[in-house]
Amino acid sequence: MTQFTEQLPVQSEVAPDMVVAERVMKQFGSNTVLKNISLTVKRGEVMCLVGPSGSGKSTFLRLINHLEKLNAGRLLVDGEFVGYRERDGKLYEQKPRDAAVQRREIGMVFQRFNLFPHMTALENIIEAPIRVKNQPRKEAIARAKVLLERVGLAEKAKAYPGHLSGGQQQRVAIARALAMDPKLMLFDEPTSALDPELVGEVLDVMKALAKSGMTMIVVTHEMGFAREVADSLVFMDGGVVVETGDPREVLANPQHERTQAFLSKVL
Amino acid sequence: MASAGHTDRAAQATVPPGGGDDAPLIRAIPLRHPWRNTFAVIVLLLFAGFLYDAFFLRTEYHWDQFGKYLFDARVSQAAMNTLIITVLSMVSAIVLGVILAVMRLSPNPVFKSISWVYLWVFRGTPVYVQLVFWGLLFTLYKSFRVGLPFQTPWVDIPFSFSIDVFWLAVIGLALNEASYMAEIVRAGILSVDRGQEEAATALGMSWSQTMRRIVIPQSMRIIIPPTGNEVISMLKTTSLVIAVPYSFELYGRTRDIAVSIFDPIPLLLVACAWYLLFTSILMIGQHFLEKRFARGLTMTDMTKPDVVEPQSKADHE
């Protein structure tokens, strides 16, 4: 039902990797939630982050989208530093306005949807394109309708989030993120707050999106999705990357005992 | 609705799932409340006695005077003034209160401090005292000067004009009320789920856009009920502007009339009648505003509707 036929722009020069994390560290007070995280996400790659709760997966996503600041290491999105500017070998704190410019191109989908409850599905989708990208209202509405159709909710344009099921809300949230034409999509446990029978409809939309060539980082507990869709799987525990590799191999034959212990519980 | 698969045998065994006749409605004898009724009768009797006494026995009420002055042109004009002062000072207080609340919550430490000090001063001193101060504004500040300290000022314009006491009263009430409104608005803003701000930020919206478009509209539902109370409270607080001194509002005017006819009680009743009329209207208005801002939030349970149909067939297998 869901098809993303849009092609992403072809890069003429050698384009940098979408996300490069080098020895990233994040602390909340004295609590170190991420230690020495080094990861690379290539263009068009779908990476699944799995691991027990509290392992730092969501924090890593939030770092990429500037919702938190990293304390050590380097984090680049599409070749640009996140949170800081490097000039003459010195790091300068980034202005909120510059952070906002970078964020526009990173779509984020939250566990609890975070749709704006006082706006209809359509208004949710057109809000940022109109306010942030100064897109003309008509254009934004036309585009929102196309996106709603792609997530299978064309007839729900005028519904308020409170009148939609969880799965429908999450699909609207995905359409809202796509309306900004992101080059990278972050999914923070997109199906964890859903009733079991609603998970499939959201995963279907995500699968179609992955097929269209979108670069995606997905924090999830859906191992079936990881096996079927992801190009790489990263297992995190206690703020470190324990194991990474091809999802089918890691899931079938985990090398590290912590991975084995975790997978034996969730599979 | 009964599904086709159920046989008659199943129906006989127990109540079939989702089928069978509806059970008869319960017709029980309602509980009696003898003490409640007794108490109501006693209260009504006492109240009737009070009214009888007030209307027929206690001549000091001077009901004829009440009737004469209730629609007196001076009184209704004063009631109008009260209303105008209330509206003007309340509107300014809401605008200023929103600004102060947003400043208080902003990431900018300078804004935060300014807002904190403002609240500290204006909530920490009585409104009556503040009104007296505003009355003395031009005794304190006699001219407008621009220059360096301890030097002859470059510009020195004496205040040849003075602001009408009416406006001083409005300013005094508004600035005081703004500090209370700021706290109400702040509570409203804090009541909005943090995920809302995050979602807006993640979409690239600036902090002020997030506030204006996402957070403040949602906080209205929390802000409106206490704001309604503040409007009602403000209507009554206008009776203090005699401190400025401005005396052409309802209480000041009726008191002046009372003094001139040496009969205070009927005019107090006149003032009360007008205040009650206005507050009653305000309460009705508040009711409709609350309804308006509950839009989209009336069904907060998000997962219930529209959920079950696609799977229901599989469930019966």
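Just so it is clear: chains get the letters A, B, ... in the order the sequence lines come, proteins before strands, and each one is counted from 1.
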>> Tell me every residue that passes ring-ring contact (aromatic ring centres under 6.0 Å, His included) with B:Y118, counting only those two or more places apart in sequence or in another chain.
In response: B:F122

> Which residues in residues 189-208 of chain B have a heavy atom less than 4.5 Å from any heavy atom of chain A?
Replying inline: B:D193, B:G195, B:Q196, B:E198, B:A199, B:A200, B:T201, B:A202, B:L203, B:G204, B:M205

> So, do B:I284 and B:H287 sit near enough that their side-chain heavy atoms are less than 4.5 Å apart?
Replying inline: no

>> Minimum heavy-atom separation for A:V202 and A:I174, please, with both atom names.
In response: CG1-CD1, 4.2 Å

> Which atom pair, heavy atoms only, marks the closest approach of A:T191 to A:E222?
Replying inline: OG1-CG, 3.5 Å

> Side chain, backbone, both or neither: which part of A:L115 has a non-hydrogen atom closer than 4.5 Å to chain B?
Replying inline: backbone

>> Looking at chain B, which one of A:R112, A:Q102, A:E127 has the largest number of heavy-atom pairs inside 4.5 Å, strictly under?
In response: A:E127

>> Under a 4.0 Å threshold between the charged nitrogen and the carboxylate oxygen, would A:K57 count as salt-bridged to A:D188?
In response: no

> Ion pair present between A:D181 and A:R143, side-chain N to carboxylate O less than 4.0 angstrom?
Replying inline: yes

>> Per the salt bridge (charged side-chain N to carboxylate O under 4.0 Å, His left out) rule, what does the pair list look like for residues 107-122 of chain B, sequence neighbours excluded?
In response: none

> Are the charged groups of A:D78 and A:K183 less than 4.0 angstrom apart, N to O?
Replying inline: yes

> What part of A:L67 is in contact with chain B, defined as an atom under 4.5 angstrom from a non-hydrogen atom: side chain, backbone, both or neither?
Replying inline: side chain

>> If I compare all heavy atoms of A:E189 with all of A:S58, which pair ends up nearest, and what's the gap?
In response: OE2-OG, 4.4 Å

> Contact part of A:R62 toward chain B, heavy-atom cut-off under 4.5 Å: side chain, backbone, both or neither?
Replying inline: side chain

> Roughly how far apart are B:N176 CG and B:L240 CG, rounded to 0.5 Å?
Replying inline: 10.0 Å

>> Let's test your reading of the structure: which of A:M180, A:R104, A:M119, A:R131 forms the most heavy-atom pairs below 4.5 Å with chain B?
In response: A:R131

>> Can you confirm whether the side chains of A:E45 and A:T215 place a donor and an acceptor under 3.5 Å from each other?
In response: no

>> Assess, by modelled atom type and distance only, whether the side chains of A:Q27 and A:N71 contain a donor and an acceptor separated by less than 3.5 Å.
In response: no

> With a 4.5 angstrom heavy-atom cut-off, which part of A:F116 approaches chain B: side chain, backbone, both or neither?
Replying inline: both

> chain A contacts: which residues in residues 80-105 of chain B have a non-hydrogen atom closer than 4.5 Å to it?
Replying inline: none

